[in-house]
Amino acid sequence: MSHPSLASQHLSVNAVTIAVNAPQAPSSTRLLVCCQSFRLPVTEVVHVCVGRGGVSDLDPQPPGPENQFTVFYVKRSTGQQWSLETLVFTAQDRDLSHQWVQLLQQRTQQYGGRRPKNLLVFINPFGGRGQAVRIYSKVSPLFQLAGIRTRVIETTRANHARDHILQEDLQGVDGLVCVGGDGMFSELMHGLIGRTQREAGVSEDDEETELQPSSIRIGIIPAGSTDCICFATVGINDPMTSALHIIIGDSQPLDVCAVHHQNRLAKYSVSLTGYGFYGDVLRESDQHRWMGPFRYNYAGLKTVLSNRCYAGTVEFQAAEHVESNPRDQSRCRTGCLVCSESSGRLKEDCEEAEAKANQTHPRQNPNSDWQRAEGSFIAVNLTAISSACPKSPDGLSPTAHLADGTADLILVKKCSMFQFLRHLSRHTNQKDQFDLPFVDVYRVKTLRFMPRRQESDVEGGVGSKKSFFARLCGTSCTQSCWNCDGEVLPYEDISVRVHCQLVNLFARGIEGVRRASLFKY
Ligand SMILES: Nc1ncnc2c1ncn2[C@@H]1O[C@H](COP(=O)(O)OP(=O)(O)OP(=O)(O)O)[C@@H](O)[C@H]1O
Ligand SMILES: CCCCCCCCCCCCC/C=C/[C@@H](O)[C@H](CO)NC(=O)CCCCC
Ligand SMILES: [Ca+2]
C-alpha cells in the first residue's frame, strides 16, 4: 500500500487544526511527527490505534470515528516522573487514518529501540507494605496496551524467583520484571547471573574470572521498603514510570560487586556492601520486620545511639584509568560519558583477557597495587552506584557511576556519636558527607576486609567498655556483619571485585536536562 503523501496532510489534534509534515525518511530515530508546533520522539511512542483509544479497561473510551487515530506516548511530569498521555488526531477520511496508523506502527517498530515482547514477572506479595499485587494491577494494562506478553508469578517463598530463573525454561523471555523491593531485584539478579555463568561454563567461585553478561534485561516495578536500586537507576520510585521504561525498551548497564568468602561466591551486590553501621542496622531491623519499612528508622536510631566501632584491616585496589573521583561533584546522568568510556575499555579488557587466557603463563603480579587502611571503623561501606533512595536523594556516594566498573569505598573511622550523626545527616542535604576528618572515600575495583579479633571482643575483656547508650540499648555485639543489598552475610572476612556492566536494566539512568515530551518546534 502506498503511504499517504506525508508532506502536507492536514490533521486536527484535539480539534485544533494543524498542518503535519511527517518525515520522508527520518534521519534520526527521534523524529516521529513534525508539525507546526510539536515534536514527539518515536522512541517514546507506546502504541498507536485507529479511533479513540483508552488505556485498556481502566480507562474505557468509546471507539470514536475511524477517521481518528490515537497516539499513546510517554509524557514527562515533574522530576523524573513519566506518565502515559494520548493525542487524538482527526484525518480527512477513514483510509488516511488507517494509513497513518500503519505508518506510525511501522516507524515505532523500526526506530523504537529494543522493546521487549515477552516478560516474566515476579510479584512478591509480602514486599514493602504488602501492596505489590495491587501495584502491579495498576501497571499491567500498560503492557497489554503495548502488545507485550507477560507471564506473572506470585512468589510463595523467599528465593522462589531466583530458583525459577535458575531452573526453568526461559525460551523466548526477553525481560525479567520484579514487583517488590531491593531483595526481589537481588533474587532476579542472582538467578540471571548464575544461569548465564552456568550456560557459559564459567565458575562463579573463581574470583579472577571474567563473568559473562546476560542479554536478558531486568525491570523493577518498585513495591519494597527502600527501593534503592530503582531510585538510583530511574530517579524515582514510581511504578508507572518504571513500566514505561520497560515498555519502550530502555537499557541501562549496571556494575555488580561479586562478594567472595574463602574462595566461594557469597553474594552479588549492586547497592550497599556495608560492615559496621549498616550491617548492625540490618541485623537489628530484621528482628522487627512487623514494623514494616519503619523498622529501618527504629534500628537506625538504636544503632546510632550504641555508637559501636570495629577493628579491622581494609585492603583495596584503587580504580585505574578513571578520570572521575568520588569528590569531583559530577553526577552520573543519562548518556554519561564516564560510563560510555568504560564500555569501550570493557571491550579492550575482554580482548586482553581472551588473549591472556590463550597464553600459558598466569596473570602478572595482581597483588602489586593494593593499598591498606587499618584501624577502628564505625562503617566500611562499598557501593557500585550512588545508592540514592528517598531517605537520601543523592545517596551514599552521590558521584558514583552506574556503569563505570568501579565502586566507592567509604571508611568512617572511630568518632563520637555526634560526629557520626553529623556525617549521616549530610546524606539528607546538600552538604558533602565526605568532608569530615574521620571519613575517607576511594574509587576502587577490589576490596578485602579482615576483622581484627581483640581482647575486647570477649565479653567483659579489657577495653570492652561500652558507651552509655550502648548499655542503655542493651546491645552487646562485639562483631558486626555485612549488609549485602539488604541481606545479612554470615561471615566477616570477605573479598569483593567490581564487574563492569554485568547486568542490564530497563532504565536509562537519571535524566539531567529535563525535556518536555512535546515541545515547541
Ligand atoms: N512469597 C514470599 N514469602 C516470603 N519472602 C519472600 C517471598 N517472595 C520474596 N521473598 C523475600 O522477601 C525479601 C524482601 O522482599 P522485597 O525486596 O520485595 O521487599 P522489602 O520489604 O522492600 O525488602 P527490601 O528491604 O529488601 O527492599 C526478599 O529478599 C525475597 O527473597
Ligand atoms: C539524622 C538523620 C539521619 C538520616 C540518615 C539517612 C542515611 C541514609 C543513607 C542511605 C543509605 C542507603 C543504603 C541502601 C541500602 C540498600 O541497599 C538496602 C537494601 O534495600 N537497604 C538496607 O540495608 C536498609 C538500611 C537502610 C538504612 C537507611
Ligand atoms: Ca560503578
Side-chain angles (χ1 to χ4, degrees), residues 122-132 153-163 178-188 190 220-232 253-257 269-274 277-286 289 292-293 295-297 299-301 303-304 319 322 324 332 336 338-339 342 379 381-397 399-408 410 420-429 433 443-445 483-488 498-501:
F122 295 96
I123 305 178
N124 174 7
F126 305 110
R129 292 186 174 83
Q131 296 295 307
I153 297 176
E154 248 182 65
T155 59
T156 53
R157 59 176 172 86
N159 291 325
H160 182 166
R162 185 201 63 184
D163 295 346
C178 54
V179 190
D182 294 329
M184 274 306 278
F185 169 78
S186 178
E187 278 203 28
L188 266 57
H190 278 82
I220 311 171
I221 308 278
S225 305
T226 321
D227 295 322
C228 181
I229 296 156
C230 179
F231 194 93
L254 204 60
D255 296 335
V256 176
C257 293
S269 130
V270 167
S271 163
L272 169 69
T273 306
F277 178 72
Y278 288 105
D280 294 351
V281 170
L282 186 66
R283 195 163 51 182
E284 178 69 38
S285 70
D286 270 350
R289 289 200 78 90
R295 68 189 184 275
Y296 293 126
N297 301 39
L301 180 67
T303 309
V304 167
V322 285
S324 67
C332 181
C336 171
V338 172
C339 295
S342 301
N381 299 328
L382 185 75
T383 181
I385 61 176
S386 70
S387 285
C389 60
K391 274 197 176 69
S392 171
D394 275 338
L396 277 179
S397 190
T399 73
H401 289 269
L402 293 172
D404 66 339
T406 76
D408 288 354
I410 303 148
F420 183 58
L421 257 180
R422 199 165 159 222
H423 164 68
L424 270 190
S425 63
R426 289 187 181 189
H427 289 76
T428 61
N429 58 36
Q433 63 255 43
R443 193 147 282 174
V444 306
K445 288 278 299 175
N483 173 340
C484 203
D485 279 1
E487 196 163 315
V488 173
V498 189
H499 289 265
C500 188
Q501 306 186 0

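On a predicted model such as this, the values are computed, not experimentally measured, just so you know. Whatever order the structure lists them in is the order used to number ligands and atoms, beginning at 1.
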**OP:** Would you check if the Ca ion (ligand 3) lies under 3.0 Å from any N, O or S atom of D404?
**Re:** yes

Original post:
So, D255 side chain and G405 main chain: donor-acceptor pair closer than 3.5 Å or not?
Top reply: yes

Subject >> contact_flag Y296 ligand 1 heavy-atom lt 4.0 Å >> reply: yes

Subject >> 4.0 Å protein heavy-atom contact status of atom 26 (C) of ligand 2, strictly under >> reply: no

**OP:** Give the single entry among T428, L421, D394, N381 that approaches atom 1 (C) of ligand 2 most closely by any heavy atom.
**Re:** L421

**OP:** Would you mind finding which of G292, G128, P125, G486 brings a heavy atom closest to atom 21 (O) of ligand 1?
**Re:** G128

Original post:
Take atom CZ in R426; do more than 12 heavy atoms of anything else shown fall under 6.0 Å from it?
Top reply: yes

**OP:** Could you tell me which atoms of ligand 2, counted from 1 in the order shown, lie closer than 4.0 angstrom to a heavy atom of D485?
**Re:** 17 (O), 19 (C)

Original post:
How about A400: does one of its N, O or S atoms come closer than 3.0 Å to the Ca ion (ligand 3)?
Top reply: no

**OP:** Among all protein heavy atoms, pick out the one at the shortest distance from atom 9 (C) of ligand 2; state its residue, atom name and that distance to 0.1 Å.
**Re:** Y278 OH, 3.5 Å

Original post:
Hey, does R157 sit under 4.0 Å from ligand 1 if you only count heavy atoms?
Top reply: yes

Subject >> N/O/S from C500 sitting under 3.0 Å away from the Ca ion (ligand 3) >> reply: no

